[in-house]
Amino acid sequence: MCGIIGIVGTTEVASALYDGLTVLQHRGQDAAGIVTVDGSRLRLHKGNGLVSDVFNQTAMARLRGRIGLGHCRYPTAGSEGAEEAQPLYVNSPYGIAFAHNGNLVNTEALRREMFEDDRRHINTDSDSEVLLNVLAHELQILDRMALTPDHIFKAVAGVHARARGGYACVALIQGYGLLAFRDPHGIRPLVLGERISAEGHEYAVASESVAFDVLGFKRVRDVAPGEAIFISNAGQLHARHCAEDVTHSPCIFEYVYLARPDSMIEDVSVYKARLRMGEKLAEKILRERPDHGIDAVIPIPDTARTAASALAEALGVPFREGFVKNRYVGRTFIMPGQGDRVKSVRRKLNAIHLEFRNKNVLLVDDSIVRGTTSRQIIQMARDAGAKNVYFASAAPPVRYPNVYGIDMPSASELVAAGRTEQEVEKVLGADWLIYQDLQDLVRAVQEGNEMLTHFDTSCFSGEYVTGLGQSYLEQIELLRSDDAKAARRAM
């Protein structure tokens, strides 16, 4: 899960890229970078930390140019070092700067091909560097006098033929323009925007449409699965579908947790989808626990707030803010180690005791992954005086790792893996626990766009849309455990 943005403007774009990245900061808090085209040079600045930490006035002043791209990183297993902050760069052919959101599932096979067949050296453990070099190689083997949009689209088709996984990418090709493309399943999101200024027509691509709102761009549409968008230095837009046998399967977890509620993804309002999640969860509670006895519905801020408000309204129960969030602590889901996550929960949330005292409360969260945070929050509610603490998840049980760019834990660290819902209830310490049904989650999103017939629901269902071998899942188990991450950080 990362945030990407690219702009072809008519004036300097560095400040717009910075503003866009701050709006996409929720997609990655580990590192950030911006690259711009300044005549015959690419100007690059990147580093570890939040966008506001990485860029100062001096750095921004050096990022001259009216074409550029930006990236904020959420580290996936094995790609956590400072040297893997993006954008990445290769100088052959042309000079290409590259930013990527997602994850490949055939990285090791491609890495071998790069060395043995393409004669390209991969210097990091990042699959983004592999993907960049695949693109560079596909551009290099073209027989051409000058690069044309047709050549570029042929190169992207070559990437699609070789790479498997979820990926949304944006690249600067020095001397030619900005390229953006999305994997054939459209797993990771990518949207196209435009702005007409006094100086002319400007285009942008970004992970989420909310980035356009702050910049004054109009959302045009989503980049289609397998589609490539090329915007030349002169500002001419070209688009082409570069993949065959496309099965559109966007990641449903974007709607549950990753995306901002004010974004539109696949013509679906994330906010409206979350409202429907709450309504459908309320219907399940009324079916299974008609005498629920709930005195108040309390969201776990912030992502669950929308679903919780709709749930409370459907149940006819008061909606109350029972936790105050410290906004200077990052998202615990993104934190690299279990110790950091455990310590951060009480730093992040503080209970309002009056909303819990002598009440039966239903706590609502967007999902339950490790269960560590949920268990602590349930205990906080008890410590604040709640009589009974019930817990509802707006998503189904997370029982399988996500392999397409969301660095969920290894399966052994998922609280629902290998456990029934009743067993999870005991582990969390809730008086009762209720999960969203998968079919209801799918309907909640699908009702916003009936054209969506498939989703990547792999972390709930174990069904991976690209296909996946058992050996890869075993590798993920080794890479993603907290012990493995701690060992890498200690090296």
Kindly list each side-chain donor-acceptor pair under 3.5 angstrom involving residues 386-395, sequence neighbours excluded, with atom names and distances?
{"from": "Asn388", "atom 1": "ND2", "to": "Asn360", "atom 2": "OD1", "distance (Å)": "2.8"}
{"from": "Ser393", "atom 1": "OG", "to": "Ala395", "atom 2": "N", "distance (Å)": "3.2"}
{"from": "Ser393", "atom 1": "OG", "to": "Ala395", "atom 2": "O", "distance (Å)": "2.7"}

Go through the steps for His160 and Tyr167 under the test side-chain hydrogen bond (donor to acceptor under 3.5 Å, both in side chains), then give the verdict.
-> CA-CA 10 Å; His160 290 325; Tyr167 51 91; 2.8 Å; yes

Start with the C-alpha distance between Phe455 and Val465, add both sets of side-chain angles, then the distance that settles side chain to side chain contact (heavy atoms under 4.5 Å, CB included), and finish with yes or no.
-> CA-CA 8 Å; Phe455 293 91; Val465 297; over 6 Å; no

Donor-acceptor pair, [X] side chain versus [Y] backbone, under 3.5 Å?
X	Y	answer
Arg274	Ser269	no
Asp262	Val210	no
Ser209	Met264	yes
Glu84	Asp125	yes
Asp183	Gly186	yes

Check step by step if side chain to side chain contact (heavy atoms under 4.5 Å, CB included) holds for Leu132 and His100.
-> CA-CA 9 Å; Leu132 165 58; His100 164 221; over 6 Å; no

4.5 Å side-chain heavy-atom contact, [X] and [Y]:
X	Y	result
Leu452	Val268	yes
Asn350	Asn326	no
Ile368	Thr373	no
Thr453	His248	no
Tyr257	Ile406	no
Ser458	Asn402	yes
Val8	Glu202	no
Ile265	Val191	no

Output, in order, the C-alpha distance, side-chain angles, deciding distance and verdict of side chain to side chain contact (heavy atoms under 4.5 Å, CB included) for Thr466 and Ile187.
-> CA-CA 10 Å; Thr466 64; Ile187 298 172; 4.3 Å; yes

Using 0.5 Å steps for rounding, measure from the [atom1] atom of [X] to the [atom2] atom of [Y].
X	Y	atom1	atom2	result
Arg73	Cys2	CZ	SG	7.5 Å
Leu21	Arg27	CG	CZ	12.0 Å
Leu362	Ile294	CG	CD1	4.5 Å
Asn48	Asp53	CG	CG	10.5 Å
Leu192	Ile231	CG	CD1	6.5 Å
Met380	Arg375	CE	CZ	14.5 Å

Whether Phe212 and Phe217 hold their rings parallel, tilted or perpendicular, with breakpoints at 30° and 60° = tilted

Can you label the angle between the His201 ring and the Tyr203 ring as parallel, tilted or perpendicular, going by 30° and 60°?
->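 Rings of His201 and Tyr203: parallel, under 30°.
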
Hey, is [atom1] on [X] packed in by over 12 heavy atoms from elsewhere, all under 6.0 Å?
X	atom1	answer
Glu425	CD	yes
Phe319	CZ	yes
His238	NE2	yes
Glu450	CD	yes

Restricting to non-hydrogen atoms, name the atom on [X] and the atom on [Y] that form the minimum distance, rounded to 0.1 Å.
X	Y	answer
Gly166	Tyr404	N-CD2, 3.6 Å
Phe98	Gln86	O-OE1, 3.9 Å
Ala308	Val364	CB-CB, 3.8 Å
Ala430	Ile378	CB-CD1, 3.9 Å
Asp366	Ala304	N-CB, 3.5 Å
Val156	Cys242	CG1-CB, 4.0 Å

Does the ring center of Tyr472 lie less than 6.0 Å from the ring center of Tyr464?
->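 No, the ring centres sit 6.0 Å or more apart.
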
Go through Ser249 and Thr247 one step at a time and tell me if the side-chain hydrogen bond (donor to acceptor under 3.5 Å, both in side chains) criterion holds.
-> CA-CA 6 Å; Ser249 304; Thr247 303; 5.8 Å; no

For Asp295, check side chain to side chain donor-acceptor pair (under 3.5 Å) against everything at least two apart and list the hits.
-> none

Please test Arg188 against Glu254 for salt bridge (charged side-chain N to carboxylate O under 4.0 Å, His left out), starting from the C-alpha separation and ending with a verdict.
-> CA-CA 8 Å; Arg188 300 265 66 86; Glu254 290 278 354; 3.1 Å; yes

Using distance alone, with no hydrogens and no angle criterion, decide if Glu208 and Ser263 have a side-chain donor and acceptor under 3.5 Å apart.
->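 Short answer, yes.
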
Where at least one partner belongs to residues 297-310, residue pairs that pass salt bridge (charged side-chain N to carboxylate O under 4.0 Å, His left out), sequence neighbours excluded = Asp302-Arg305, Asp302-Lys325, Asp302-Arg327, Arg305-Glu321

Derivation and outcome, salt bridge (charged side-chain N to carboxylate O under 4.0 Å, His left out), residues Asp213 and Lys218 = CA-CA 7 Å; Asp213 297 338; Lys218 174 187 174 183; over 6 Å; no

Using a strict cut-off of less than 4.0 Å between a Lys/Arg side-chain nitrogen and an Asp/Glu carboxylate oxygen, indicate whether [X] and [Y] qualify as a salt bridge.
X	Y	result
Lys359	Glu355	yes
Asp431	Arg382	yes
Arg182	Glu266	yes
Arg221	Glu227	yes
Lys284	Asp437	yes
Glu447	Lys272	no

Determine, stepwise, if the pair Tyr435 / Phe460 fulfils ring-ring contact (aromatic ring centres under 6.0 Å, His included).
-> CA-CA 11 Å; Tyr435 279 104; Phe460 308 121; 9.3 Å; no

Lys280 and Arg443: side chain to side chain contact (heavy atoms under 4.5 Å, CB included), yes or no, with the steps?
-> CA-CA 9 Å; Lys280 294 184 183 302; Arg443 290 192 200 103; 3.8 Å; yes

